[in-house]
Amino acid sequence: MSHAQAVAHRMRVHHLIARLPFGAYEQAAHVGLQDSFPRSALLSLHARVKGCEPDGWADPRLIQTYSPRAAAYVLPRRDFGVFTLGRSPVDPDERRAVEACAEQVCAFLDGRSVRGRDLPEPIARMVRGAAPTGRIAIRWDARSMAVFEVPRPQVEVDAARLELCRRYVHAFGPTTPATFAWWAGLTPRDAMPTWQRMSNELLEVDYEGRPAVILRADEDALASAPAAEGVRLLPAEDSKLLSLFARTDASTANNTFHPHALVVDGRVAGRWGRKQGRVVVKLDEAVSEETRKGIEAEALSMPIPGASMTVQILPAP
């Protein structure tokens, strides 16, 4: 498997070549959308869904919690258990400790939605650790955060673990067990039993001279994936799709204002940054006039609430 094949497959699976229909937010968040810098999940939805609305992240079919790597994530509500219970510790004592954290957090919440700033420090520290129980959700709107209790998802823990791993390999393959553990925010000790139970669904491949795996079910699709086409302004979290393995950021020259990837036909062609409605794109290579227009259209269509968008495209050095 070549890296070009992997990128084409990943971008297709993530709906970054052909956008989903208007309102298809649940499908766009199938493997979760990290919401790190203000509204990165919204910009990830914008890259995947036609006519993405400024409040697309708040669609009632979506929910937020602290998920992989304790980051804020936007997730499909129906799959909440996959991204929470799927990360439960394997060790019984560790799992009981996580459940105890959830009990204390939920006892304090007492059915209320409580702003993060109003949480006592001990409870605030427990919120992230309690997320794998599936009982803790958050609502973060880039200005404030609130925590509230939700019913425990009706899914078996083992089934959730397998589905989390399956989705990861489908969306990020070719990959490795170490990269899965990093993405899911698991220790190798917690990740390996699930990886081993998935062995009959996995296929070993030579990926740019390195051993990796894909889903057996994806072999034909990955081998025949057409080259990626089009322009996308991807948040830094999405740019990892273009890396050899997901731990490495695809952008080779990040800085504090331009940390995100300009992707043209499946490759990083520059970087971009945003401050409110001002978007600045720094090209790493010369592009056609048609591509420049595509870059400008992508930037101007960002669904940033209350912002009058402007875009500046800096020429390649």
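Side chains included, hydrogens not; waters and symmetry mates left out as well; all remaining heavy atoms used.
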Query raised in the report: Is D79 paired with R167 through a side-chain N to carboxylate O contact shorter than 4.0 Å?
Result: yes
Query raised in the report: Under a 4.5 Å cut-off applied to non-hydrogen side-chain atoms, are L215 and L203 in contact?
Result: no
Query raised in the report: For R61 and D59, what are the C-alpha separation, side-chain angles and deciding distance, and is it a salt bridge (Lys or Arg N to Asp or Glu O under 4.0 Å)?
Result: CA-CA 5 Å; R61 294 167 295 177; D59 185 281; 2.8 Å; yes
Query - Short N-O contact, R143 and D141, less than 4.0 angstrom - result: yes
Query raised in the report: H9 vs H170 aromatic rings, parallel, tilted or perpendicular, using cut-offs 30° and 60°?
Result: perpendicular
Report task. Could you check whether the rings of H3 and Y207 sit parallel, tilted or perpendicular, using 30° and 60° as the cut-offs? Result -> tilted
Query raised in the report: Under the 6.0 Å and 45° cation-pi test, does R19 pair with F22?
Result: no
Query raised in the report: Hey, are E219 and R216 close enough for a salt bridge, meaning a charged N less than 4.0 Å from a carboxylate O?
Result: no
Requested in this report: Compare all side-chain heavy atoms of E285 with those of R267 and state whether any distance is below 4.5 angstrom.
Outcome: yes
**Report entry** Salt bridge E296-R292, side-chain N to carboxylate O under 4.0 Å
**Finding:** no
Query raised in the report: Salt bridge check: are E99 and R152 linked by an N-O gap of less than 4.0 Å?
Result: yes
Query raised in the report: How about F172 and H14: are their ring centroids closer than 6.0 Å?
Result: yes
Requested in this report: Check whether any side-chain heavy atom of W195 sits under 4.5 Å from a side-chain heavy atom of L202, and report yes or no.
Outcome: yes
Query raised in the report: Do NZ/NE/NH1/NH2 and the carboxylate oxygens of E103 and R135 come within less than 4.0 Å?
Result: yes
Requested in this report: Could you tell me whether D206 and R210 have a side-chain N and a carboxylate O separated by less than 4.0 Å?
Outcome: no
